[in-house]
Amino acid sequence: MKLKLFFFILLAGIMLLPAAVQAEPLPAIDLRVNPTDSPEEVVSSVKLLVLLSLLAVAPAFLLMVTSFTRIIVVLSLLRGAIGVPMTPPNQVLVGLALLLTVFIMSPVYGQINEKAIKPYLDGQIAQQQAFDEAYKPLRTFMLKQTRENDLSLFVAISKSDRPRSPEDVSLSVLAPAFVISELKTAFQIGFLLYVPFLVIDIVVASTLMSMGMFMLPPVMISLPFKLLLFVMVDGWYLVVKSLVESFY
């Protein structure tokens, strides 16, 4: 009886939907390009188009110059080391990486907000000065995590003069050097995470071979032991603690 009532209400709602749409018409959306004789309007339109294009890639660029790269790579390697390629799912890993990134970068964001965003919104400084002030805390953070060899590589590739002070390092040189330094650090941490799980795999595989159980996949036996080891040592606590402390 309840199922029939549900289908009746659903059918009635479908039948009444066109009438509701006709009673309250939806607003029309129209995009037009109108001719103009004013060069200022053309320049403003081009600026708006460029700004919208930059906003499409801005989130990815902002994530690359933060701690997100190291965190997501380490978490992905950890998942592969345990042997569960889809657990935790990608949404959980990305969400955890974003939360840790916000936590780690909060002092930098606070400095940017105090020295660049608020004065610019209050009209105290110009746009270029706001950008320079916002770059200073971010540059300090990236230089602290960037290896000298990686920075020298991109300085040589760009054929620019050797920076005499941290203030002379441009963003176009520092950003890629920071990214490859983060990748190297992430792989080093991932290697250390792989070692204990690799030992378990070797022990289980050797035991199965000595018992003559060649048809039984070692992963089926080693996976529960790896999960047990990870839980017993409080693995998530240790991994997150090591990741956060690696930036300080």
Novice: For the residue pair Val65 and Ala175, what are the closest heavy atoms and their distance?
Specialist: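 So the minimum-distance heavy-atom pair works out to CG1-CB, 4.2 Å.
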Novice: Quick check: are there more than 12 heavy atoms from other residues, nucleotides or ligands sitting under 6.0 Å from OH of Tyr237?
Specialist: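 Counting other residues, nucleotides and ligands, OH of Tyr237 stays at 12 neighbours or fewer.
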Novice: Please evaluate residues Lys184 and Arg147 with respect to the criterion side-chain contact (heavy atoms from CB on, under 4.5 Å), reporting the C-alpha separation (whole Å), side-chain torsions for both, the decisive distance (0.1 Å), and the verdict.
Specialist: CA-CA 10 Å; Lys184 182 177 180 179; Arg147 292 178 173 83; 3.7 Å; yes
Novice: Which value, rounded to the nearest 0.5 Å, describes the distance between Phe141 atom CZ and Phe178 atom CZ?
Specialist: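 Rounded to the nearest 0.5 Å, the CZ-CZ separation comes out at 4.5 Å.
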Novice: Of the non-hydrogen atoms in Thr66 and Tyr109, which two are nearest, and what is the gap between them?
Specialist: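 Taking every non-hydrogen atom into account, CG2-OH, 3.5 Å.
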Novice: For the residue pair Val239 and Ser242, establish whether any side-chain heavy-atom pair is separated by less than 4.5 Å.
Specialist: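 A side-chain contact is absent here, since even the closest heavy-atom pair is not under 4.5 Å.
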Novice: Please answer: with hydrophobic residues joined when any side-chain heavy atoms are less than 4.5 Å apart, are Leu238 and Ile200 in the same cluster?
Specialist: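 Yes: a chain of side-chain contacts under 4.5 Å links Leu238 to Ile200.
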Novice: Verify side-chain contact (heavy atoms from CB on, under 4.5 Å) between Ile157 and Leu153, making sure each step is shown before the conclusion.
Specialist: CA-CA 6 Å; Ile157 294 176; Leu153 171 65; 3.8 Å; yes
Novice: Where do Gln145 and Phe247 come nearest, in terms of heavy atoms and distance?
Specialist: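 Closest approach of Gln145 to Phe247: NE2-O, 3.2 Å.
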Novice: Which atoms form the tightest heavy-atom contact between Thr101 and Ser67, and what is the distance?
Specialist: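 Minimum heavy-atom contact is CA-OG, 3.6 Å.
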Novice: Give me the atom names and distance for the closest heavy-atom approach of Ser246 to Arg70.
Specialist: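 Between these two residues, the closest heavy atoms are OG-NH1, 2.8 Å.
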Novice: Give me the atom names and distance for the closest heavy-atom approach of Tyr135 to Met142.
Specialist: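 Minimum heavy-atom contact is CE1-CE, 4.3 Å.
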Novice: For the residue pair Phe191 and Leu198, establish whether any side-chain heavy-atom pair is separated by less than 4.5 Å.
Specialist: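 A side-chain contact is absent here, since even the closest heavy-atom pair is not under 4.5 Å.
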Novice: Would Leu77 end up clustered with Val244 when hydrophobic side chains under 4.5 Å apart are linked, directly or stepwise?
Specialist: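 They do share one cluster, since a chain of ILVMFWY contacts under 4.5 Å joins Leu77 to Val244.
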Novice: Show the numbers, then the answer: is there a side-chain contact (heavy atoms from CB on, under 4.5 Å) between Leu96 and Ile72?
Specialist: CA-CA 9 Å; Leu96 177 59; Ile72 192 63; over 6 Å; no
Novice: Working to the nearest 0.5 Å, report the span between NZ of Lys241 and CG of Asp234.
Specialist: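 Between Lys241 NZ and Asp234 CG, I get 11.5 Å after rounding to 0.5 Å.
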Novice: Can you measure from OG1 (Thr146) to CD (Glu182) and round to the nearest 0.5 angstrom?
Specialist: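 Atom-to-atom, Thr146:OG1 and Glu182:CD are 7.0 Å apart.
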Novice: Is the shortest heavy-atom distance from the side chain of Leu138 to the side chain of Gln111 under 4.5 Å?
Specialist: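 Heavy-atom side-chain distance check fails, nothing below 4.5 Å.
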Novice: Measuring only between side-chain heavy atoms, which start at C-beta, is Ile104 closer than 4.5 Å to Phe68?
Specialist: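 Not in contact.
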Novice: Taking Tyr248 as the starting point, is it possible to reach Ile189 by hopping between hydrophobic residues whose side chains are less than 4.5 Å apart?
Specialist: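 Shared cluster, yes.
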Novice: I'd like to know if Leu228 and Leu78 are part of one continuous hydrophobic network [Ile/Leu/Val/Met/Phe/Trp/Tyr, side-chain heavy atoms within less than 4.5 Å].
Specialist: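 No: no chain of side-chain contacts under 4.5 Å links Leu78 to Leu228.
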Novice: Phe187, Ile71: one ILVMFWY side-chain cluster at the under-4.5 Å cut-off?
Specialist: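 They do share one cluster, since a chain of ILVMFWY contacts under 4.5 Å joins Phe187 to Ile71.
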Novice: Step by step, work out the side-chain contact (heavy atoms from CB on, under 4.5 Å) result for Ile180 and Phe154.
Specialist: CA-CA 11 Å; Ile180 63 174; Phe154 285 96; 3.4 Å; yes
